[in-house]
Asks: 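Got a structure here, written out as structure tokens. Questions coming.
If you're wondering where the values come from, they're calculated on a predicted model, not measured in any experiment.
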There are 2 protein chains.
Amino acid sequence: MRLSERKISSIMKQRGYKLTPQRRAVLKIIMGSDNHLTPEAIYQSVREEHQNIGLTTIYRTINILSELGLICEVHTAGSGRSYLVRRPLEHHHHLVCSGCNRVVDFSNCDLADIERKLSEGTGFKIEEHLLEFVGICPDCQQTAES
Amino acid sequence: MRLSERKISSIMKQRGYKLTPQRRAVLKIIMGSDNHLTPEAIYQSVREEHQNIGLTTIYRTINILSELGLICEVHTAGSGRSYLVRRPLEHHHHLVCSGCNRVVDFSNCDLADIERKLSEGTGFKIEEHLLEFVGICPDCQQTAES
DNA sequence: ACTATAGATGAAAACCTTTATCGTTTGTAC
DNA sequence: GTACAAACGATAAAGGTTTTCATCTATAGT
Ligand SMILES: [Zn+2]
Ligand SMILES: [Zn+2]
Ligand SMILES: [Zn+2]
Ligand SMILES: [Zn+2]
């Protein structure tokens, strides 16, 4: 299942958050991009159409979306945070282009075996895992060659 | 192979860095802990014996150790950085306790299959991966029960 | 429509983490 | 021991994120 603006709107309202024009503008930018975006980048993009919005509102909106599980954070993006809209709702991971920040989602993470062995070997009760791949996308490979 | 203080000392000198008392003190704290430590935590620990050291020196030392590949960074540690000494020198990953920050290293990460499939499916040239597990260690499980 | 209420906004200040600056101190090589 | 480069600590500066607060909606009840 993928997230539509309608669905996001309904989730937010259900949890007591209003879908204001500012939040709609932030959502539009995040949903319209294939790349992961920093708060500053979102700010700059939103500002092109909505020049009065404050950076504070960007952060507030990001934090809400994150709390509701509607956006994904990328961890291999250097210092600082970077987000993109949650495209598959189910458990998944990211393949990130180090050239243009494009993100491809994938769901076939088969870590159950490793997880079980690790758990048996260490006695840890494993709660979550973080898996991300970094590479160069076809477009950026071409750009690099030419 | 594991890193001894002697080995680290030789690597640092070879790369033009002096092993000062301050750096030795930072190393002692990092090497003496099974947990990942934030710069601030390292600062506090080092200060107990070396009360005049500056936070700047902690950061400078961490950055050198990181550049030389002598420490590992943990990515699932919330906001901000956290480090521990690099115990296996070869490629490896971390299992982190969310209770006490203890870290267990493991080397049998078998992501080659996933990586090949991903590469074929997307056309990405994959350069690196990030894999980390989070769980509760046996000690913290007991603490939680009692 | 009018008002009351709760929530959201933007500007500014505060906060926290990390890095740069600079005068002084320390290690190392001769 | 002297000379030199490197490292130190204090402080300031730079980023990035959150708090504060007065103002401004949006919504619901009248
Ligand atoms: Zn995602
Ligand atoms: Zn790319
Ligand atoms: Zn490690
Ligand atoms: Zn633990």
Asks: So, applying side chain to side chain contact (heavy atoms under 4.5 Å, CB included) with B:Leu130, which one of A:Val134, A:Leu130, A:Val96 is it?
Replies: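 Testing each of A:Val134, A:Leu130, A:Val96 against B:Leu130, the sole residue satisfying side chain to side chain contact (heavy atoms under 4.5 Å, CB included) is A:Leu130.
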Asks: I need the A:Lys28 NZ to A:Glu5 CD distance, nearest 0.5 Å.
Replies: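 Taking NZ in A:Lys28 and CD in A:Glu5, the distance rounds to 9.5 Å.
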Asks: Between A:Gln22 and A:Thr57, do the side chains contain a donor N or O and an acceptor N or O under 3.5 Å apart?
Replies: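 No, because no side-chain N or O of A:Thr57 sits under 3.5 Å from a partner of the opposite role on A:Gln22.
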Asks: Quickly work out the B:Glu67 CD to C:dT19 C1' distance and round it to whole Å.
Replies: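 One finds 15 Å between C1' of C:dT19 and CD of B:Glu67, rounded.
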Asks: Indicate yes or no: at least one non-hydrogen side-chain atom of A:Glu132 is less than 4.5 angstrom from one of B:His75.
Replies: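 Counting from C-beta outward, A:Glu132 and B:His75 never come under 4.5 Å.
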Asks: Can you check the A:Leu19 CG to D:dT27 P distance for me, whole Å?
Replies: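 It works out to 10 Å between those atoms.
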Asks: Where along nucleotides 1-17 of chain D does protein come under 4.0 Å, by heavy atom, of base (B) or sugar-phosphate alone (S), with - for untouched nucleotides?
Replies: ----BSSBBBB----SS
Asks: Assess whether side-chain hydrogen bond (donor to acceptor under 3.5 Å, both in side chains) is satisfied between A:Glu48 and A:Gln44, documenting all intermediate values.
Replies: CA-CA 7 Å; A:Glu48 285 173 15; A:Gln44 295 304 336; over 6 Å; no
Asks: Whole angstroms only, please: what is the OH-P distance between B:Tyr83 and C:dT18?
Replies: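 About 7 Å, once rounded to whole Å.
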Asks: Is the distance between the ring centroids of A:Phe106 and A:Phe133 less than 6.0 Å?
Replies: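 Yes, they do, as the ring centres are separated by less than 6.0 Å.
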Asks: Quickly work out the A:Lys13 NZ to C:dA6 C1' distance and round it to whole Å.
Replies: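 Spelled out: NZ on A:Lys13 to C1' on C:dA6 is 16 Å.
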